[in-house]
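Note sheet for the following structure.
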Amino acid sequence: MNVAIFTEVLSPHISGISTYAQVLKKGLEGRGHKVLIVTSSVHTEQASVRRGVIRCPARKCRNKYGYECRNINDVHVVKFLERFRPDIIHILTDTKIGYMGISIADRLRCPVVFSVLDNYADRFANRHPILWRIKTFFERRHFCDMIDNAQAVTSTNKRAAVFLRSAGRKRKVLLTPVATDKKRFNYNNSNYSAVIKMRKKLGIPKNATVAVFAGDLSLAKRLDHIINTFKRRLKYEDNIHFLIVGDGTETAYLKKLCVRYHLLDRIHFAGTLANSIMPEVFSACDIYISAAEDGLMSMSFAEAMACGLPVMVKEDEEKYVYSMIRDGVNGFAYKNEKEFVRYLKQLSYFDREKREKMKYIVRHSLKGLNCIYMAKCMEKVYANAQKAFNDHVTIEKGI
């Protein structure tokens, strides 16, 4: 099967979606399929293909990714895809690249799969309520366009169905797992001296307990809540540091917050790091933390768990907390600030021997969740999409 994956963002851009695309490509190719990723880049003036990736010219944009494809009807991309002859168009982002995917699918007469990997209401970070409503209106329209033109809709989290209903669409969402490259993300590939070297490079004391977050620094990640917790409930003597990896619309605000609270000695901003060094970064940390309440997918916490890091995530009212978290075994789902601090301190008290045991338990809990298994699950989604396309099924657009 020939699969064309359309995503606005890809490495070196740091985000769960870009990593998801790369892991899925590796899994599908491991299953014998041919995969071509179509993405955008601000570093090219003409679409080119290299190592199974087409990069289209992009322009800067005030969305959560920072840029978008310039031309959805790029003639060079059309020629590349006509030669590739995809059997499936798989769209990961409902941006200009998503519209390019729909256009190509219509031109080449092939089914479309749309993966709901983030919430349309979080695409623009704007604290002004009126501007937020206006921009959300347009983002919802883009979101619905993808759903209405897809033969199958998939997600990594059942919360996606809530987002579809809020957008005025009632569609069946096929659930697929989040997986990672466990060969690359493995704490056994590192050693104590390498950990100390990486901590020195990041400006973190060698004997500190390090909590880490990696991903897009957007409003939806609620990292300001973690920073406020450090200010109110954690003292310098606790020797707990927070490493933030990534960039986004909230970066400047978060840094100003740390300056105001005098926390830059305990909260470190690493900026955008190449995915190739993230295994070493995670191996130099102790805990992965997140404050997002309505996330759909996080590739970074799957990568962190593969490196042996227990995960702390925010529980939500609907109880849609990530299914991979087994409370008290490989992480914790905390309900409030008090629980967050209690769990964080509990994990910080572990000595080196206990941390090594914890790493083994956490990594072992991901057994079976690899890129090949992810690809097998996606094959079933593709089969459903092809059947719907061949049967000319009418897609329901309203509730």
Side-chain angles (χ1 to χ4, degrees), residues 187 190-215 217 221-246 250-271 273 280-292 300-301 304-305 307-315 325 327-362:
Y187 66 89
S190 188
N191 54 46
Y192 184 70
S193 61
V195 167
I196 299 304
K197 185 177 180 180
M198 178 56 72
R199 287 196 173 194
K200 185 178 180 180
K201 185 177 181 180
L202 296 169
I204 300 171
K206 66 178 182 180
N207 61 339
T209 296
V210 184
V212 61
F213 169 85
L217 307 190
K221 304 303 182 183
R222 295 166 50 92
L223 293 177
D224 55 329
H225 289 251
I226 295 178
I227 292 172
N228 286 325
T229 300
F230 266 73
K231 169 64 178 176
R232 288 193 293 262
R233 293 183 176 269
L234 291 170
K235 300 178 181 178
Y236 182 83
E237 303 82 64
D238 292 319
N239 200 24
I240 298 174
H241 288 239
F242 182 28
L243 175 65
I244 301 174
V245 180
E250 291 293 284
T251 303
Y253 171 72
L254 296 174
K255 286 183 177 179
K256 285 180 182 178
L257 207 59
C258 290
V259 170
R260 185 192 309 165
Y261 293 158
H262 306 287
L263 290 173
L264 287 178
D265 58 338
R266 286 186 285 155
I267 298 180
H268 312 268
F269 291 83
L273 299 178
E280 288 79 11
V281 172
F282 284 134
S283 295
C285 300
D286 302 295
I287 309 160
Y288 187 93
I289 57 177
S290 172
S300 58
F301 88 68
M305 290 176 71
C307 288
L309 272 61
V311 176
M312 289 175 51
V313 295
K314 181 71 167 65
E315 182 62 277
I325 307 302
D327 221 25
V329 177
N330 57 12
F332 296 96
Y334 62 92
K335 296 182 178 63
N336 49 47
E337 189 176 271
K338 186 177 179 180
E339 281 194 355
F340 174 84
V341 174
R342 176 160 61 87
Y343 292 144
L344 192 59
K345 286 186 175 182
Q346 180 180 329
L347 292 168
S348 73
Y349 294 149
F350 284 8
D351 57 25
R352 188 173 173 183
E353 184 180 351
K354 283 186 177 180
R355 290 188 184 188
E356 290 300 315
K357 289 182 179 178
M358 173 65 83
K359 284 182 178 181
Y360 175 81
I361 293 170
V362 171

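- Sorted by first then second residue, the side-chain hydrogen bond (donor to acceptor under 3.5 Å, both in side chains) pairs that include residues 234-244, not counting sequence neighbours, are H241-H268.
- For F340, the ring-ring contact (aromatic ring centres under 6.0 Å, His included) test picks out Y334, with sequence neighbours left out.
- Annotation: side-chain hydrogen bond (donor to acceptor under 3.5 Å, both in side chains) contacts of E337 (sequence neighbours excluded): T229, R232, R233.
- Residues L309 and V362 form no side-chain contact, since every pair of their non-hydrogen atoms from C-beta on lies 4.5 Å or further apart.
- Residues satisfying the salt bridge (charged side-chain N to carboxylate O under 4.0 Å, His left out) criterion with K357, sequence neighbours excluded, are E353.
- For the side-chain hydrogen bond (donor to acceptor under 3.5 Å, both in side chains) test, no residue two or more places apart in sequence or in another chain qualifies with S190.
- Under the rule for a ring-ring contact (aromatic ring centres under 6.0 Å, His included), F269 has no partner lying at least two apart in sequence or in another chain.
- Counting all heavy atoms, side chain and backbone alike, L347 lies closest to I287 at CB-CD1, 3.7 Å.
- Taking the ring-ring contact (aromatic ring centres under 6.0 Å, His included) definition, one finds that Y261 meets it with nothing, sequence neighbours left out.
- Residues passing the ring-ring contact (aromatic ring centres under 6.0 Å, His included) test with Y288: none are found, sequence neighbours excluded.
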Return a table of donor-acceptor pairs under 3.5 angstrom between the side chains of residues 203-210 and protein atoms on other chains or two or more places apart.
unit_1: T209; atom_1: OG1; unit_2: R355; atom_2: NH2; d: 2.8

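- Here CD1 of I226 is found 12.0 Å from CG of L257. Values are rounded to the nearest 0.5 Å.
- Screening residues 253-267 for salt bridge (charged side-chain N to carboxylate O under 4.0 Å, His left out), with sequence neighbours left out, gives no hits.
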